[in-house]
Participant: 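What follows is a structure written as structure tokens; I'll ask about it next.
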Amino acid sequence: MQRYSVREVETKWQRIWEERRTFEARDDTSQPKCYVLEMFPYPSGRIHMGHVRNYTLGDVVARARRMQGFNVLHPMGWDAFGLPAENAAMQRGIHPKTWTYRNIAEMRAQLKTMGLSLDWSRELATCDPVYVQQQQSLFLDLYEAGLVYRKESWVNWDPVDQTVLANEQVVDGRGWRSGAIVERKKLSQWFFAITRYADDLLAAIDQLDRWPDKVRLMQQNWIGKSTGARLRFAIDDQDEPLEVFTTRPDTLFGASFLALAPDHPLTSTLAAERPALAAFVAECAKLGTSEEALAKADKQGFDTGLMARHPITGAPLPVYAANFVLMDYGTGAIFGCPAHDQRDLDFARKYGLQVTPVVLPPDADPASFAVADEAYVGPGRLYNSDFLDGLEIEAAKARVVERLAEAGAGQGETTYRLRDWGISRQRYWGCPIPITYLDDGTVVPVARDELPVLLPEDVDFSLPGNPLERHPTWRHLTLPDGRQARRETDTMDTFVDSSWYFARFCSPGDDRQPVSRRAVDYWMPVDQYVGGVEHAVLHLLYSRFFTRAMRATGHVSIDEPFAGLFTQGMVTHRTFQNADGQWLEPDAVREEDGRWLAVDTGATVTVGRVEKMSKSKHNTIDPQVIIQNYGADCARLFMLSDSPPDRDLEWTEAGIDGAWRYLNRLWRLIDERADLVAPANGVAAGPTSTAAQALKRQVHTTVDAMTHGLDRFHFNKAVALVRELSNAIEAFDVADPDGPLVLREALDVLARLLAPMVPHLAEEAWARLGHPGLVAEAGWPKADPVWLVASTVTIAVQVNGKRRGELEVAAGSDEAGLREAALDLDNVQRALDGRAVRKVIVVPDRIVNVVV
RNA sequence: GCCCGCUUGGCGGAACCGGUAGACGCAUCGGACUUAAAAUCCGAAGGCCCAUGGCCGUGGGGGUUCGAGUCCCCCAGCGGGCACCA
């Protein structure tokens with residue numbers, strides 16, 4: 001028996017794949033293609049279990065597709081710009097570039113031990129000069145197309161990271177990386193006009209039928225389309241009317257006040273002359289965006305003394321400034337209808353404003369219906385509303401908008417929650433924005449032939465903030481026409497880098513343009529994208545926008561970058577804490593008689609919740625250690641076997657041991673039979689023994705089920721199927737007269753089914769079975785329909801829906817025979833207990849139900 | 001608060017379109033091999049009971065159906081997303 005040495009076998013096949021360039025994609029457009037991509041990693045320095053899971057899942061798809069005859073593109077790269085590199089620079093005095101490329105080298109070596117079917121010839125890092133150059137070129141294209149603009153605006157300022165954050169990067173009022181409470185600051189920023197595509201991005205979600213519903217819903221919510229109307233209210237003694245946005249124009253006759261955002265221009269104008277109002281505005285600003293403040297903050301208002309006029313009745317409506325009105329949604333002003341909006345009601349009660357119900361709930365009495373502490377937001381018919389009386393809500397909306405439009409007092413309008421994407425970051429380690437400014441502030445884009453604008457390397461990280469601003473020379477330059485200018489010192493949000501890398505992989509060597517049209521037209525869109533759900537909004541929405549922008553600027557001919565998306569669950573592990581509340585590493589505890597003890601002190605340890613592996617909870621397992629001890633196949637198998645890929649996977653010692661045992665058992669199984677099988681290429685055409693027929697049937701049903709299972713990411717079931725097949729092969733008597741033929745087919749199929757999941761073992765097995773080529777390049781087995789049909793079936797027999805027995809019959813037995821056979825069963829007769837049979841339901845090959 | 005998802009043995013999880021609930025594995029128990037252990041192999045196993053049989057059983061309650069883990073309604077618990085969004 002040949003010994004199976006994991007380390008040797010795995011490095012051997014990895015070397016062979018590399019030497020033969022097995023996984024390099026061919027730009028052969030005559031072939032059907034399949035682009036499989038996992039979200040590229042940030043080069044933090046070490047791979048973690050999340051990476052192992054992510055890349056294993058993608059690799060199964062890539063390898064299976066390759067075997068199925070597709071020209072597969074499966075590349076890998078590095079999301080290489082970002083703050084951690086600068087932090088390392090500050091803490092350890094190492095240059096971000098050095099740190100980043102060193103980490104890339106380490107992680108590349110680690111990834112290579114996983115035996116992934118990656119095309120390393122296409123590797124890229126977003127900090128590579130050529131990538132920076134092409135990204136800047138794209139920026140200029142977008143600028144020329146009017147999709148990039150600069151404006152002064154209130155921004156989310158992260159005081160710890162000293163940079164601006166996009167709305168998507170503010171989580172619960174805190175910076176997504178630093179966790180610091182975000183401040184409001186007014187700055188000049190560059191924006192991508194993502195809202196230009198808001199409607200298209202929303203509408204196209206319906207076409208993304210291979211995306212998880214959850215992600216589609218999250219994107220819909222994020223875009224946040226709401227249809228309503230923009231109304232104009234005349235204000236006494238003011239020339240300009242006040243515009244408000246509402247989704248409930250039908251409740252216009254219930255309006256009892258208007259409210260302005262504290263930072264509304266009208267509020268600001270008034271505050272300039274009214275110190276008390278200015279104080280109120282300042283008070284609101286202080287509450288800021290902190291979430292607790294918001295939650296606790298009462299509805300606060302300040303009567304501006306202005307009087308607005310109802311656009312139809314002309315009734316006077318007081319105008320307040322109010323803390324709950326947001327400047328960056330709608331028009332920054334609302335009309336309040338207290339009877340049908342809870343916030344407006346709270347506000348009205350506090351300031352003694354009128355509450356007039358205008359929507360009458362079904363079956364309510366108009367004479368007695370009143371709103372007390374709870375606004376009525378349900379359905380009903382309008383009343384107290386002049387020409388709207390009697391209409392349903394939707395009809396009333398249409399009617400009132402129509403009437404207001406005639407009067408020039410408003411029109412229907414759609415608003416979005418989605419904001420334009422602010423991409424300026426006051427950081428060093430990012431892609432420089434290719435813009436210069438003249439002394440008078442005029443914007444001059446960097447000329448194409450001056451690209452790339454590269455980062456200076458002699459920078460000082462000893463002070464907080466952006467070192468580019470402090471650099472003695474970098475920011476100053478003389479334009480080709482001799483004018484003096486200064487460079488933009490902000491760099492781009494790193495989400496820009498990841499918004500087009502998938503397209504760049506199609507032609508990573510092209511130094512003249514961002515993408516080669518022929519290559520992207522062939523490869524894009526990505527057929528299967530795999531990654532974590534945490535990017536459901538940020539990265540995935542930006543990439544969808546960017547693809548549209550690249551289409552608008554003539555780079556691609558598609559709108560949607562990712563035809564299929566799979567979001568995998570997290571890798572979790574138990575947590576342990578000692579009596580002092582310190583988290584303990586899994587290595588630092590041991591189990592004894594069902595109790596957990598600290599290895600060093602022997603003290604009892606509390607077992608905490610199962611949580612996502614994280615450094616802060618000390619519950620990580622280093623994949624390198626696992627691969628060293630058990631091999632890549634073992635780690636991969638464990639990643640696939642226990643949980644469905646979209647759910648969380650709990651890492652357990654027992655689980656990895658189980659995978660280890662199975663691999664060894666598999667090898668023994670194949671090795672012990674390899675010399676007994678018929679010569680290669682023999683197919684068991686018509687085995688005669690029952691056992692051989694049964695095995696052959698199982699081989700084909702397994703192929704069929706596996707093929708479908710892999711398509712649907714049912715990898716845990718695929719592992720179960722393979723185990724069932726190998727169990728059956730194990731149980732098969734090698735002395736059977738048809739043994740050599742059937743075993744040849746069964747083992748060949750087994751090796752090929754294993755190949756996407758545990759590729760090294762599969763190659764070793766394939767070679768041991770006498771095949772000269774690689775299993776990675778062998779065709780995917782096909783199920784023969786003839787062998788998918790069972791010869792006999794077991795049919796359950798029920799009496800009144802309760803199982804009373806079963807029948808073993810030939811497949812396709814007729815109903816009458818089944819009915820009779822079922823009624824003949826002793827158990828059925830006993831259950832009937834002499835009662836008359838009312839009806840017998842027969843579902844051929846499935847079930848018989850006797851009803852009494 | 002609003003929206004979405006989930007809930008099946010001791011555990012992870014199977015169960016296509018409503019048709020034998022618990023595949024496959026982990027842990028457990030028993031046995032074989034061994035001086036012994038590990039490894040390996042064989043076997044048992046949802047719970048309960050008057051045990052070749054019966055009753056109960058997919059978070060709880062109701063409904064539709066010959067038949068419900070699966071479909072419908074209500075409730076609970078857990079997880080996630082969004083949130084003064086007008």
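Both backbone and side-chain heavy atoms feed into the values below; hydrogens, waters and symmetry mates do not. Each chain gets a letter, A, B and so on, in the order the sequences are listed, and its residues count up from 1. Note that the structure is a prediction, hence the values are computed from the model and not measured.
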Participant: Is any side-chain N of the basic residue among A:Arg574 and A:Glu611 closer than 4.0 Å to the acidic one's carboxylate O?
Facilitator: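 Answer for the salt bridge query: no.
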
Participant: Show the distances under 3.5 angstrom between N or O atoms of the protein and N or O atoms of nucleotides 21-26 of chain B.
Facilitator:
unit_1	atom_1	unit_2	atom_2	d
B:rA23	O2'	A:Glu724	OE2	3.1
B:rG25	OP1	A:Asn727	ND2	3.0
B:rC26	OP1	A:Arg661	NH2	3.3

Participant: Without decimals, in angstroms, what is the distance between A:Ile847 CD1 and B:rG19 C1'?
Facilitator: 4 Å

Participant: Expressed as a whole number of angstroms, how long is the span from A:Leu217:CG to B:rC3:P?
Facilitator: 11 Å

Participant: Salt bridge between A:Asp346 and A:Arg343, side-chain N to carboxylate O under 4.0 Å?
Facilitator: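 Salt bridge between A:Asp346 and A:Arg343, a charged N being under 4.0 Å from a carboxylate O: no.
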
Participant: How is the base pairing of RNA chain B summarised as a dot-bracket string, given the Watson-Crick and G-U wobble criteria with both distances under 3.5 Å, [ ] for crossing and | for another strand?
Facilitator: (((((((..(((......[....))).(((((.......))))).((((...))))..(((((..]....))))))))))))....

Participant: If the C1' atom of B:rG13 is compared with that of B:rU64, how far apart are they to the nearest Å?
Facilitator: 30 Å

Participant: Is the side chain of A:Arg417 donor-acceptor paired with the backbone N or O of A:Trp222 at a distance under 3.5 Å, no angle test?
Facilitator: yes

Participant: Under the rule for ring pair (Phe, Tyr, Trp, His ring centres under 6.0 Å), what residues qualify as partners of A:Trp660, not counting sequence neighbours?
Facilitator: A:Tyr630

Participant: Pick the closest RNA chain B nucleotide for A:Val793 and for A:Ile841 by heavy atoms, then say which residue is nearer the 5' end.
Facilitator: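 That would be A:Val793.
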
Participant: Nearest of B:rG81, B:rA86, B:rG13 to any side-chain atom of A:Met218?
Facilitator: B:rG81

Participant: Mapping A:Arg846 and A:Thr331 onto RNA chain B by nearest heavy atom, which one lands closer to the 5' end?
Facilitator: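 Taking each residue's closest nucleotide, the earlier one in sequence belongs to A:Arg846.
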
Participant: Given atom CD of A:Gln342 and atom P of B:rC85, what is their separation to the nearest angstrom?
Facilitator: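 Roughly 11 Å, once rounded to whole Å.
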
Participant: For B:rG9, does the glycosidic angle fall within 90° of 0 (syn) or outside that (anti)?
Facilitator: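 Base orientation relative to the sugar is syn.
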
Participant: Would A:Leu217 and A:Asp213 count as a side chain to side chain contact (heavy atoms under 4.5 Å, CB included) here? Give the steps.
Facilitator: CA-CA 6 Å; A:Leu217 193 68; A:Asp213 290 344; 6.0 Å; no

Participant: Taking the P atom in each of B:rA15 and B:rC49, what is the distance between them to the nearest angstrom?
Facilitator: 33 Å

Participant: Name all residues meeting the ring pair (Phe, Tyr, Trp, His ring centres under 6.0 Å) criterion together with A:His535; count only those two or more places apart in sequence or in a different chain, and write none if there are none.
Facilitator: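 With neighbours one apart ignored, the set is A:His539.
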
Participant: May I ask you to decide if A:Gly569's main-chain N or O and A:Arg53's side chain share a donor-acceptor pair within less than 3.5 Å?
Facilitator: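 Judged by distance alone, yes, a pair lies under 3.5 Å.
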
Participant: With a 4.0 Å limit, can you tell me whether A:Arg419 has a side-chain N or O closer than that to the phosphate oxygens OP1/OP2 of B:rC85?
Facilitator: no

Participant: Among residues two or more places apart or on two chains, list those pairs meeting side chain to side chain donor-acceptor pair (under 3.5 Å) that have a residue in residues 700-722 of chain A.
Facilitator: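 Non-adjacent pairs meeting side chain to side chain donor-acceptor pair (under 3.5 Å): A:Arg65-A:Asp711, A:His700-A:Glu745, A:Thr707-A:Trp780, A:His714-A:Lys717.
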
Participant: So, A:Asp642 side chain and A:Leu649 main chain: donor-acceptor pair closer than 3.5 Å or not?
Facilitator: no

Participant: Between B:rG81 atom P and A:Gln219 atom CD, what is the distance in whole Å?
Facilitator: 15 Å

Participant: Check whether any side-chain nitrogen or oxygen of A:Lys802 sits under 4.0 Å from OP1 or OP2 of B:rC56, and answer yes or no.
Facilitator: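 Checking B:rC56 against A:Lys802, a side-chain N or O does come within under 4.0 Å of OP1 or OP2.
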
Participant: Can you label the angle between the A:Tyr376 ring and the A:His340 ring as parallel, tilted or perpendicular, going by 30° and 60°?
Facilitator: perpendicular

Participant: List the atom pairs, donor and acceptor, that lie under 3.5 Å between side-chain atoms in residues 836-852 of chain A and the rest of the protein, sequence neighbours left out.
Facilitator:
unit_1	atom_1	unit_2	atom_2	d
A:Asp845	OD1	A:Gly812	N	2.9
A:Asp845	OD2	A:Gly812	N	3.4
A:Asn849	OD1	A:Asn800	N	3.4
A:Asn849	OD1	A:Gly801	N	3.0

Participant: C1' atom, B:rC78 versus B:rC72: distance in rounded Å?
Facilitator: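 Pairwise C1' distance, B:rC78 against B:rC72, rounds to 23 Å.
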
Participant: If I pick the P atom on B:rC29 and the same atom on B:rC16, what distance separates them, to the nearest angstrom?
Facilitator: 34 Å

Participant: Pick one for B:rA44: is it syn, with its angle within 90° of 0, or anti?
Facilitator: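 For B:rA44, whose glycosidic angle is more than 90° from 0, the conformation is anti.
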
Participant: In residues 248-257 of chain A, what residues come within less than 4.0 Å of RNA chain B, judged by heavy atoms?
Facilitator: A:Arg248

Participant: Check every strand shown and say whether A:Ser641 touches a base, only sugar-phosphate, or nothing at a heavy-atom separation below 4.0 Å.
Facilitator: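 Result for A:Ser641 = nothing.
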
Participant: Using whole Å, report how far CG of A:Asp346 lies from C1' of B:rA86.
Facilitator: 14 Å

Participant: Using the P atom as the reference point in each nucleotide, state the distance between B:rU52 and B:rG57 in Å, no decimals.
Facilitator: 23 Å

Participant: Check whether any side-chain heavy atom of A:Trp667 sits under 4.5 Å from a side-chain heavy atom of A:Leu663, and report yes or no.
Facilitator: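 Heavy-atom side-chain distance check fails, nothing below 4.5 Å.
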
Participant: How would you list, by chain and number, every residue that makes a side-chain contact (heavy atoms from CB on, under 4.5 Å) with A:Asp648, sequence neighbours excluded?
Facilitator: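 Result, side-chain contact (heavy atoms from CB on, under 4.5 Å) vs A:Asp648: A:Met570, A:Thr572.
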
Participant: NZ of A:Lys214 versus C1' of B:rC6: gap in Å, rounded?
Facilitator: 10 Å

Participant: So if I take every side-chain heavy atom of A:Leu326 and compare against B:rA14, B:rC84, B:rC82, which nucleotide ends up nearest?
Facilitator: B:rC84

Participant: On the nucleotide B:rC4, are OP1 or OP2 found under 4.0 Å from the side-chain N or O atoms that A:Arg216 carries?
Facilitator: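 Looking at the OP1 and OP2 atoms of B:rC4, neither is under 4.0 Å from any side-chain N or O of A:Arg216.
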
Participant: Taking atom C1' in both B:rG9 and B:rC4, what distance in whole Å separates the two?
Facilitator: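 Taking atom C1' in both B:rG9 and B:rC4, they lie 29 Å apart.
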
Participant: Checking all strands, does A:Val325 fall into the base, sugar-phosphate, or nothing category for heavy-atom contacts under 4.0 angstrom?
Facilitator: base

Participant: From the list B:rA86, B:rC82, B:rG53, which nucleotide is the closest neighbour of the side chain of A:Trp222?
Facilitator: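 Nearest to the side-chain atoms of A:Trp222, counting from C-beta on, is B:rC82.
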
Participant: What integer distance in Å separates A:His535:NE2 from B:rG80:C1'?
Facilitator: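 It is 16 Å, rounded to the nearest whole Å.
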
Participant: Can you sort out the partners of A:Phe347 under ring pair (Phe, Tyr, Trp, His ring centres under 6.0 Å), two or more places apart, ordered by chain and number?
Facilitator: A:Phe257, A:Tyr320, A:Phe324, A:Tyr351

Participant: Could you work out, with ring pair (Phe, Tyr, Trp, His ring centres under 6.0 Å) as the rule, every residue matching A:Phe713, not counting sequence neighbours?
Facilitator: A:Phe566, A:Phe715

Participant: Tell me, please, which residues at least two apart from A:Thr414 pass side-chain contact (heavy atoms from CB on, under 4.5 Å).
Facilitator: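 For A:Thr414 the side-chain contact (heavy atoms from CB on, under 4.5 Å) partners, ignoring immediate neighbours, are A:Lys225, A:Thr227, A:Tyr416.
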
Participant: What integer number of Å spans the C1' atoms of B:rA45 and B:rA27?
Facilitator: 12 Å

Participant: Starting from C1' on B:rA86, measure out to CG on A:Leu242 and report it in whole angstrom.
Facilitator: 13 Å

Participant: So which of residues 806-826 of chain A are in contact with RNA chain B, with a heavy-atom cut-off of under 4.0 Å?
Facilitator: A:Glu806

Participant: Would you find a donor on one side and an acceptor on the other, under 3.5 Å apart, between the side chain of A:Thr267 and the backbone of A:Asp263?
Facilitator: no

Participant: Expressed in whole Å, how much space separates the P atoms belonging to B:rG77 and B:rC71?
Facilitator: 23 Å

Participant: Please classify the glycosidic conformation of B:rC78 as syn (within 90° of 0) or anti (everything else).
Facilitator: anti

